[in-house]
Amino acid sequence: MPRKTAARTARLASIPLGVAGRAVGGWGKRLVGQNAEQVSAELSAKTAEQLFAVLGTLKGGAMKFGQALSVFEAAVPSDMAEPYREALTKLQSAAPPMSSQATRRVLAEQLGRGWEERFASFDDEPAAAASIGQVHRAVWHDGRAVAVKVQYPGADQALMSDLRQLQRFSKLFQTVVPGTEVKPLLQELSDRMSEELDYRAEADNQRAFAKAFAGDDHVLVPRVVASAPKVLITEWVDGRPLSSIIRDGSRAERDLAGLRLAEFHYSSPARAGRLHSDPHPGNFMMTGNDHLCVIDFGAVAHLPDGLPPAHGRMMRLALDGRSAELLDLLRDEHFIRADARQQPEAEHVYAYLAPFVEPLKTETFHFTRQWMQEQAMRVSNMRGQDFRTGRTLNLPPQYLLLHRVLGGSTGILCQLDAELPVREMIVRWQPGFAD
């Protein structure tokens, strides 16, 4: 992985140059009488299109940054976000593996020159690849099958270089989401992503989850066998990936997988004091005895006091239609900036948020792609009030990973086409909702 290259810098630098050109074009449109709000919305959409396209072609920090920014996809038209998602998918699946010599060199640096003696066998062919590392299958010296995650050489320098470069573009991100206080949000993204470089921190997260869910009837977290800053060894678990169940699972398999996933995400802050914050199908499998196996604990939100009660109160107020109280609470929690030029009206904020709590109105809710698409179209329609309202809302840094998980896991539930008693889980695990 290149640490610093002219090509990486040029691609990142192309973003503000493109935005400057479009800003001049937008100014010209206003001079000839076009609606200022429509011009601004078009500028935001085009900026987001270029932003997503550039980030989606880069590996390492820029790609991880782009993945995290997916929480903003609803702020732009879905057809413009789609090329970005496709680029990320292609980049992840096409990540070139390290050579066996490079892999063994990292293992020697991290585990010592006698590292091979700790394994009964080691497969040089990687079983999986990700943005900053790859996974090998091996057998530990005591006979246990293990997964060995090895970080790409130079991943840390590339990531930090990308993050420093992207921090310079805070004004650019402001044009995409004008209601959001971007600078502290970008800092939070950077802090969380830089934590993923140290596999010892990931090992600590995984140990905490494994302890909290030890012996659980529904969730399995593989135990950590050994760790170093750039190598992580955990027990190997065989299972059926959620992507396979999404593709051709039966109705019962889809509902069970969705139930297990929702149970895990809603209960883990109370049980482990942490929230697994990388929700995509590749990080979850269903085992032969119907357990949900969870892997990859690099991105984790630390919630020692569990889920924030204010979040539960927001859900309850939106569900009950108490728009004025909801607006006041959103202001208190900094979802609405006091210094924002546009202050939203209570009824508009309620209309924007109410459909998102629709799953809580009934005992069970059927999560479908159509429902998800309707929400995305509603909030990304540049001519609609919901789009204008969304642009006035802020995302406080402390809620970033929580909203990333809610959005990502809801997306998986819709891909699964699962029906489950989500309200029952909220009542049990989300403080503030039933108060």
When the side chains of residues 326-336 are checked against the rest of the protein, which donor-acceptor pairs come out under 3.5 Å, sequence neighbours left out?
residue: R331; atom: NH2; partner: Q343; partner atom: OE1; Å: 3.4
residue: E333; atom: OE1; partner: Y399; partner atom: OH; Å: 2.8

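- Q206 and E202 form no side-chain donor-acceptor contact under 3.5 Å, judged by distance and modelled atom types alone.
- Within the 4.5 Å cutoff, side-chain heavy atoms of I246 are placed close to those of P281.
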field: Test log, rule side chain to side chain contact (heavy atoms under 4.5 Å, CB included), inputs R260 and E263
entry: CA-CA 5 Å; R260 296 285 187 264; E263 284 178 334; 3.8 Å; yes
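- Interatomic distance, R254 CZ to L259 CG, rounded to the nearest 0.5 Å: 15.5 Å.
- Closest heavy-atom contact between A434 and V427: CB-CG1, 4.3 Å.
- Side-chain contact between N205 and H302 is present, with at least one heavy-atom pair separated by less than 4.5 Å.
- If you take CD on Q430 and OG on S267, they are separated by 12.5 Å, rounding to the nearest 0.5 Å.
- Ring centroids of H141 and F119 are separated by 6.0 Å or more, keeping the two rings apart.
- Every residue was checked against the ring pair (Phe, Tyr, Trp, His ring centres under 6.0 Å) condition with Y350, not counting sequence neighbours, and none meets it.
- Under the salt bridge (charged side-chain N to carboxylate O under 4.0 Å, His left out) criterion, D124 pairs with R104, not counting sequence neighbours.
- Look at D216 and R271 and you find a salt bridge, because one of the NZ, NE, NH1 or NH2 atoms lies within 4.0 Å of a carboxylate O, short of that distance.
- Under a 3.5 Å cut-off, the side chain of Q151 and the backbone N or O of L197 do form a donor-acceptor pair.
- A side chain to side chain contact (heavy atoms under 4.5 Å, CB included) with F433 is found for one member of L317, L307, L319 and no other, namely L319.
- Atom CD of E363 sits about 13.0 Å away from atom CG of L420, to the nearest 0.5 Å.
- Residues W140 and I233 have side chains in contact (heavy-atom distance under 4.5 Å, counting atoms from C-beta outward).
- Between the side chains of T364 and E419, a donor-acceptor pair is found at a separation under 3.5 Å.
- No donor-acceptor pair closer than 3.5 Å links the side chain of T368 to the backbone N or O of D417.
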Identify all side-chain donor-acceptor contacts of residues 222-231 below 3.5 Å with residues at least two apart in sequence or on another chain.
residue: R223; atom: NE; partner: E235; partner atom: OE2; Å: 3.3
residue: R223; atom: NH2; partner: E235; partner atom: OE2; Å: 3.2
residue: K230; atom: NZ; partner: D156; partner atom: OD2; Å: 2.9

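- The two atoms that bring N381 and F387 nearest to each other are O-CB, 3.0 Å, heavy atoms only.
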message: As a quick check of understanding, evaluate side chain to side chain contact (heavy atoms under 4.5 Å, CB included) for D238 and T287, giving each step before the final call.
response: CA-CA 7 Å; D238 288 308; T287 67; over 6 Å; no
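- Looking at V300 and L401, their side chains never come closer than 4.5 Å, going by heavy atoms from C-beta outward.
- Remark: side-chain polar atoms of Q134 are paired, donor with acceptor, to backbone N or O of M98 under 3.5 angstrom.
- Taking the six-membered ring for Trp, H291 and F264 have ring centres at least 6.0 Å apart.
- We find that K361 and E358 are not joined by a salt bridge, their nearest charged nitrogen and carboxylate oxygen being 4.0 Å or further apart.
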- prompt: Does the side chain to side chain contact (heavy atoms under 4.5 Å, CB included) test come out yes or no for T410 and F367, once each step is laid out?
  reply: CA-CA 8 Å; T410 300; F367 290 88; 4.2 Å; yes
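- At least one donor-acceptor pair under 3.5 Å links the side chain of H276 to the backbone N or O of D296.
- With hydrogens and angles ignored, the 3.5 Å screen pairs a side-chain donor or acceptor of N283 with a backbone N or O of D278.
- Using a 4.5 Å heavy-atom cutoff, the side chains of F213 and S268 are in contact.
- R200 pairs by the side-chain hydrogen bond (donor to acceptor under 3.5 Å, both in side chains) definition with D198, not counting sequence neighbours.
- Between Q375 and P355 there is a side-chain heavy-atom pair separated by less than 4.5 Å.
- A pairwise comparison of heavy atoms in Y266 and L406 identifies OH-CD2, 4.0 Å as the closest pair.
- I132 is listed as a side-chain neighbour of Y199, based on a closest heavy-atom distance under 4.5 Å.
- Residues V135 and V148 fail the side-chain proximity criterion, which asks for heavy atoms closer than 4.5 Å.
- In summary, E253 and R240 engage in a salt bridge, as defined by a charged side-chain N under 4.0 Å from a carboxylate O.
- One finds the CG atom of L256 at 9.0 Å from the CG atom of L292 (value rounded to the nearest 0.5 Å).
- A distance of 3.5 Å separates CD1 of I426 from CE of M315, quoted to the nearest 0.5 Å.
- Among residues two or more places apart in sequence or in another chain, the ring pair (Phe, Tyr, Trp, His ring centres under 6.0 Å) test is passed with H311 by H403.
- In this structure, H136 contributes its side chain and D123 its backbone to a donor-acceptor pair below 3.5 Å.
- Remark: side-chain polar atoms of T392 are paired, donor with acceptor, to backbone N or O of T389 under 3.5 angstrom.
- When all heavy atoms of L242 and A257 are compared, the closest pair comes out as CD1-CB, 4.4 Å.
- Counting all heavy atoms, side chain and backbone alike, A418 lies closest to G258 at CB-CA, 4.2 Å.
- For the atom pair S277 OG and F297 CZ, the distance stands at 10.5 Å (nearest 0.5 Å).
- In this structure, T362 and R423 approach most closely via the heavy-atom pair O-CB, 3.8 Å.
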message: Between F122 and L107, does the side chain to side chain contact (heavy atoms under 4.5 Å, CB included) criterion hold? Intermediate values first, please.
response: CA-CA 11 Å; F122 181 88; L107 288 166; 3.6 Å; yes
